[in-house]
**Q** 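Before I ask anything, here is the structure I am working with.
Note that the coordinates shown come from a computational prediction; the quantities given were computed from them, not determined experimentally. Both ligands and their constituent atoms are indexed starting at 1 by order of listing.
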Amino acid sequence: MTRAVTAYVGLGSNLDDPERQVRAALAALDRLPGTSLTAASSLYRNPPMGPQDQPDYVNAVARLSTVLEPVALLDGLLGIEQRQGRRRGRRWGERILDLDLLLWGEREMAHERLTLPHPGLHERAFVLYPLAELSPALRVPGHGPVAVLCTRVDGSGLRRLPD
Ligand code: ROI
């Protein structure tokens, strides 16, 4: 029997009703093979990182229990993005749905397709604050506890949306 691992996924959208996109993606994560959604953060509206001539984002973080290996889970995330109509546009530009594999257990890896922990995780308020809502004591390999990382970023642009 394969052992289930706890993984965390960051969700982001700023096109085509971002709140609906993020909620649909949370439901889709729970339908991935060998995977269940065990917790979801609140949704947070926040200004774009990158080009400012794009709409605000809605971000959230999901906690999963999964028997999928990291790259198989990544492929599952790409499938959800594609089914929700993601198109590749300009770099750091607007998007219907972005799913980032943040953490897969305590695995550290740097492969062509996948770096774990996610390289932006420790410095992005729109990832750290929702993650802290789920697991403040969680240690990010190489960086330390999520609650401590939160104190080093500016979370003032985040607006928590009603459930
Ligand atoms: N900015 C915010 N606020 N949230 C995101 O999810 C996000 N995703 C991105 C870029 C374009 C870098 N900016 C973002 O990919």
**Q** Is there at least one pair of N or O atoms, one from Met49 and one from ligand 1, spaced under 3.5 Å apart?
**A** yes
**Q** To the nearest 0.5 Å, how far apart are NE2 in His118 and CG in Leu101?
**A** 8.5 Å
**Q** Within the 4.0 Å heavy-atom shell around Trp92, which atoms of ligand 1 are there?
**A** 11 (C), 12 (C)
**Q** Checking a contact table here: which protein heavy atom is nearest atom 15 (O) of ligand 1, and how many Å away?
**A** Arg95 NH1, 3.1 Å
**Q** If we count only N and O atoms by modelled type, under 3.5 Å, do the side chains of Tyr8 and Ser135 hold a donor and an acceptor together?
**A** yes
**Q** I'd like to know if the side chain of Glu94 reaches the main chain of Asp56, judged simply by a donor and an acceptor atom lying under 3.5 Å from each other, with no hydrogens or angles considered.
**A** no
**Q** What I want to know is whether Pro47 and ligand 1 share at least one N or O pair that is separated by under 3.5 angstrom.
**A** yes
**Q** For Pro145, give me all partners under side chain to side chain contact (heavy atoms under 4.5 Å, CB included), at least two apart in sequence or on another chain.
**A** Arg139, Val148
**Q** Under 4.5 Å between any side-chain heavy atoms of Leu131 and Leu138, yes or no?
**A** yes
**Q** State yes or no: do Val71 and Leu102 share one hydrophobic cluster built from I, L, V, M, F, W and Y residues joined by side-chain heavy-atom distances below 4.5 Å, directly or via other members?
**A** no
**Q** Heavy-atom contact check, 4.0 Å cutoff: does Gly50 meet ligand 1?
**A** no
**Q** Starting from atom 11 (C) of ligand 1, what is the nearest protein heavy atom, named by residue and atom, and what distance separates them?
**A** Tyr57 OH, 3.2 Å
**Q** Name the option, out of Asp98, Asn59, Asp100, that contains the heavy atom nearest to atom 6 (O) of ligand 1.
**A** Asn59
**Q** Out of all atoms in ligand 1, which are within 4.0 Å of some heavy atom of Pro48? Include the element for each.
**A** 1 (N), 3 (N)
**Q** I'd like to know if the side chain of Gln52 and the backbone of Pro48 have a donor-acceptor N/O pair within less than 3.5 Å.
**A** yes
**Q** Quick one: look up the protein heavy atom nearest atom 3 (N) of ligand 1 and list residue, atom name and how far away it is.
**A** Asn46 OD1, 2.6 Å
